2 protein chains.
Amino acid sequence: MNDCSTCVVRNRAICASLDSNEIEALGRLGRQQKVSAGQSLIWEGGEALVVANIIDGVFKLSVNGADGKEQIVGVAFPSDFIGRPFGEESPYGVTALTAGEVCMFTRRDFDNFAHQHPELEHKLLHRTLDELDNARKWMQLLGRKNAEEKLATFLLVMSKRLAGQACNPADLSGGFTLPFGRQQIADILGLTIETVSRQLTRMKDLGLIDVPSRRDIVLRDKEALEDLAA
Amino acid sequence: MNDCSTCVVRNRAICASLDSNEIEALGRLGRQQKVSAGQSLIWEGGEALVVANIIDGVFKLSVNGADGKEQIVGVAFPSDFIGRPFGEESPYGVTALTAGEVCMFTRRDFDNFAHQHPELEHKLLHRTLDELDNARKWMQLLGRKNAEEKLATFLLVMSKRLAGQACNPADLSGGFTLPFGRQQIADILGLTIETVSRQLTRMKDLGLIDVPSRRDIVLRDKEALEDLAA
DNA sequence: CGCGTCCTTGACACATATCAAGCCAAGTGG
DNA sequence: CCACTTGGCTTGATATGTGTCAAGGACGCG
């Protein structure tokens with residue numbers, strides 16, 4: 001059982017829809033658990049056994065084609081909800097990209113609880129609708145943008161989510177630290193690692209961005225990037 | 001006000017979650033309306049004013065890039081729900097591909113009604129989760145499949161939704177009639193019209209499909225197509 | 001210091017886009 | 001009933017962006 005009253009994402013996670021009695025009841029069903037980078041919580045095509053709130057860390061949702069080519073279909077951050085409620089199997093895997101911590105429930109427990117708490121379902125519906133909008137915007141990127149447009153869009157989106165979060169020199173000047181390696185960026189954008197690398201060096205050469213270290217990015221010319229993002 | 005008791009999608013639409021009193025109340029808020037091919041109900045980036053159940057016809061959800069390139073991010077059939085509840089603006093447009101009929105509500109009316117009827121929201125949540133799964137599967141197609149794989153996947157998916165629905169010779173032998181022209185297929189798959197055309201003739205030459213007329217398709221070798229779909 | 005992993009860079013190949021022409025079927029008007 | 005037009009589709013020639021293959025470089029870690 002959890003002590004939800006000390007939970008750092010308490011006010012941003014879907015739990016925020018519940019009153020203190022309800023939260024206690026839900027807390028009894030869940031358990032907090034540390035995860036290490038690379039650890040999978042849910043497997044593509046596997047039974048959807050658990051759902052979770054992310055307390056800390058970054059997770060990828062991914063689908064693997066027959067030929068082994070991976071496509072990342074979503075990225076989840078602290079306070080996001082992951083898993084597939086009300087479904088027998090998960091059509092995508094969920095894997096930690098960084099070390100982190102989640103608040104886990106069995107899907108059965110969660111489904112039952114949710115069905116009895118309309119406000120929770122309402123909040124979940126809101127989030128699912130938002131995620132669907134995001135997924136559809138991303139479909140446009142995958143289907144109709146070229147490599148340059150993809151990278152520019154990616155950097156701007158990540159900047160919005162990550163800028164000024166962590167505490168290191170690069171972040172202070174409006175930069176951010178990516179929780180992804182180059183291969184993962186490629187898997188998000190539907191490109192190869194080489195194309196990602198080339199586009200980044202090109203943008204660096206054009207003075208649009210700085211890359212102080214492998215995973216740090218500083219946007220030097222946001223307007224130009226927005227133009228490129230199309 | 002509608003007479004929902006005679007509605008042909010009554011049992012498959014989200015209304016199926018309601019009892020007869022509730023359905024009558026909902027019916028008072030909606031109105032049935034004919035739409036003609038090409039007519040838009042919702043505009044990309046516009047205020048989300050209405051939502052609707054599809055009674056008849058096929059609709060596309062689409063996003064247009066700055067350069068005018070369209071990406072179709074979803075296709076909706078009879079009994080599907082369209083529109084963006086609980087949101088100020090719609091990130092995609094909704095347009096009829098064929099003549100049809102919808103049961104329309106203002107978003108305000110619908111939002112209020114839904115919030116007071118948890119079973120309806122529950123059903124809507126189910127559907128939204130399913131749509132999100134579909135969108136993510138489609139992201140894998142857009143990001144990681146080549147033209148051949150895309151076409152094969154498309155034909156199989158459409159076959160599942162459309163086979164044996166309409167009443168014409170092609171449909172009887174396991175074929176189906178597409179509600180799309182070539183350009184729309186291209187917009188769904190993130191390809192150009194020429195590539196779509198070439199892949200179709202190639203599949204025809206290989207004996208995998210028949211194309212008795214522009215919009216009719218018969219799958220002659222489903223297994224081979226499934227292999228190609230990857 | 002040496003090893004492994006991740007990233008970058010280069011040369012080349014190929015799938016798909018682009019540009020351009022022609023075809024076909026359906027509809028229209030003489 | 002037959003030219004004529006029209007819009008959608010197919011086909012061909014060519015261009016190009018991105019993938020593929022291969023080598024080398026940078027950084028972190030033991």
Side-chain angles (χ1 to χ4, degrees), chain A residues 37-38 60 65 67-71 97-99 141-155 168 170 177-206 209-217 228 230, chain B residues 37-38 60 65 67-71 97-98 140-155 168 170 177-206 209-217 228 230:
Chain A
K60 67 172 181 181
D67 50 357
K69 280 187 191 166
E70 176 164 299
Q71 176 67 46
L97 294 175
T98 65
L141 174 142
L142 291 170
R144 290 302 190 200
K145 292 191 179 178
N146 64 25
E148 183 177 67
E149 294 166 337
K150 284 178 176 180
L151 251 299
T153 308
F154 171 79
L155 292 174
N168 73 47
T177 301
L178 291 170
F180 316 107
R182 296 289 184 271
Q183 181 60 58
Q184 283 153 354
I185 299 177
D187 291 338
I188 290 172
L189 297 175
L191 296 169
T192 58
I193 185 174
E194 293 95 332
T195 301
V196 171
S197 182
R198 279 188 253 269
Q199 289 295 334
L200 284 177
T201 26
R202 196 165 151 270
M203 288 179 173
K204 197 176 58 182
D205 293 346
L206 289 171
I209 61 174
D210 268 353
V211 188
S213 85
R214 290 184 165 185
R215 293 195 168 207
D216 290 316
I217 304 271
L228 289 185
Chain B
K60 67 171 180 182
D67 49 357
K69 280 185 193 167
E70 176 164 301
Q71 176 68 45
L97 295 174
T98 65
Q140 199 257 335
L141 174 142
L142 291 171
R144 291 302 190 202
K145 291 191 179 179
N146 64 25
E148 182 178 66
E149 294 165 338
K150 284 178 177 181
L151 251 300
T153 309
F154 172 78
L155 292 175
N168 74 48
T177 301
L178 291 169
F180 316 108
R182 296 289 184 272
Q183 182 59 59
Q184 283 154 354
I185 299 176
D187 291 339
I188 290 173
L189 298 175
L191 297 169
T192 58
I193 185 173
E194 292 95 331
T195 301
V196 170
S197 181
R198 278 187 250 270
Q199 289 295 335
L200 284 177
T201 29
R202 197 166 150 267
M203 287 179 173
K204 196 176 59 181
D205 292 347
L206 290 171
I209 61 173
D210 267 353
V211 188
S213 85
R214 291 184 162 185
R215 294 192 166 210
D216 290 316
I217 303 272
L228 288 185

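Worth saying up front: this structure is predicted, and the values here are computed from it rather than measured. Reminder, nothing fancy here: chain letters follow the sequence lines and each chain counts from 1.
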ask   = What heavy-atom pair brings Glu70(A) and Lys60(A) nearest, and what distance separates the two atoms?
value = OE2-NZ, 2.8 Å
ask   = Between Arg144(B) (CZ) and dA15(C) (P), how many Å, whole number?
value = 17 Å
ask   = Do the side chains of Leu142(A) and Arg144(B) get nearer than 4.5 Å, heavy atoms only?
value = no
note = First and last nt of DNA chain D near chain A, cut-off under 4.0 Å to heavy atoms, 5' to 3', are dT18(D) to dA26(D)
Side-chain heavy-atom pair Leu151(A), Leu191(A) within 4.5 angstrom cut-off = yes
message = Reading DNA chain D from 5' onward, which residue's closest nucleotide shows up sooner: Arg214(A) or Glu148(A)?
response = Glu148(A)
message = Testing the basics here: between Glu148(B) and Met203(B), what is the closest heavy-atom pair and its distance to 0.1 Å?
response = O-CE, 3.8 Å
request  = Could you tell me the separation between the CZ atom of Arg215(B) and the C1' atom of dC24(C), rounded to a whole number of Å?
outcome  = 16 Å
query = Distance from Ile217(A) atom CD1 to Lys204(A) atom NZ, nearest 0.5 Å?
reply = 9.5 Å
Which atom of Leu228(A) lies closest to which atom of Glu149(A), heavy atoms considered = O-CG, 3.1 Å
task = Whole angstrom is fine here: how far is it from CD in Gln184(A) over to C1' in dT5(C)?
result = 13 Å
Lys150(A) versus Lys145(A), closest heavy-atom pair with distance = CE-O, 3.3 Å
remark   = Minimal heavy-atom distance between Pro179(A) and Thr98(A), with the atoms involved, is CB-CG2, 4.0 Å
request  = Verify, without hydrogens or angle tests, whether Arg214(A) (side chain) and Arg182(A) (backbone) share a donor-acceptor contact under 3.5 angstrom.
outcome  = no
Residues touching DNA chain C, which here means a heavy atom under 4.0 Å, drawn from residues 189-201 of chain B = Gly190(B), Leu191(B), Thr192(B), Glu194(B), Thr195(B), Arg198(B)
note = One should read off an interatomic distance between Gln199(A) CD and Leu189(A) CG, to the nearest 0.5 angstrom, of 10.0 Å
ask   = To the nearest 10 degrees, how far apart in direction are the end axes of the helix from dC1(C)-dG30(D) to dG30(C)-dC1(D), each fit to five base pairs?
value = 30°
remark   = Nearest heavy-atom contact between Ile188(A) and Gln71(A) is O-NE2, 3.2 Å
d(CG, Leu151(A); C1', dC7(C)) in whole Å = 14 Å
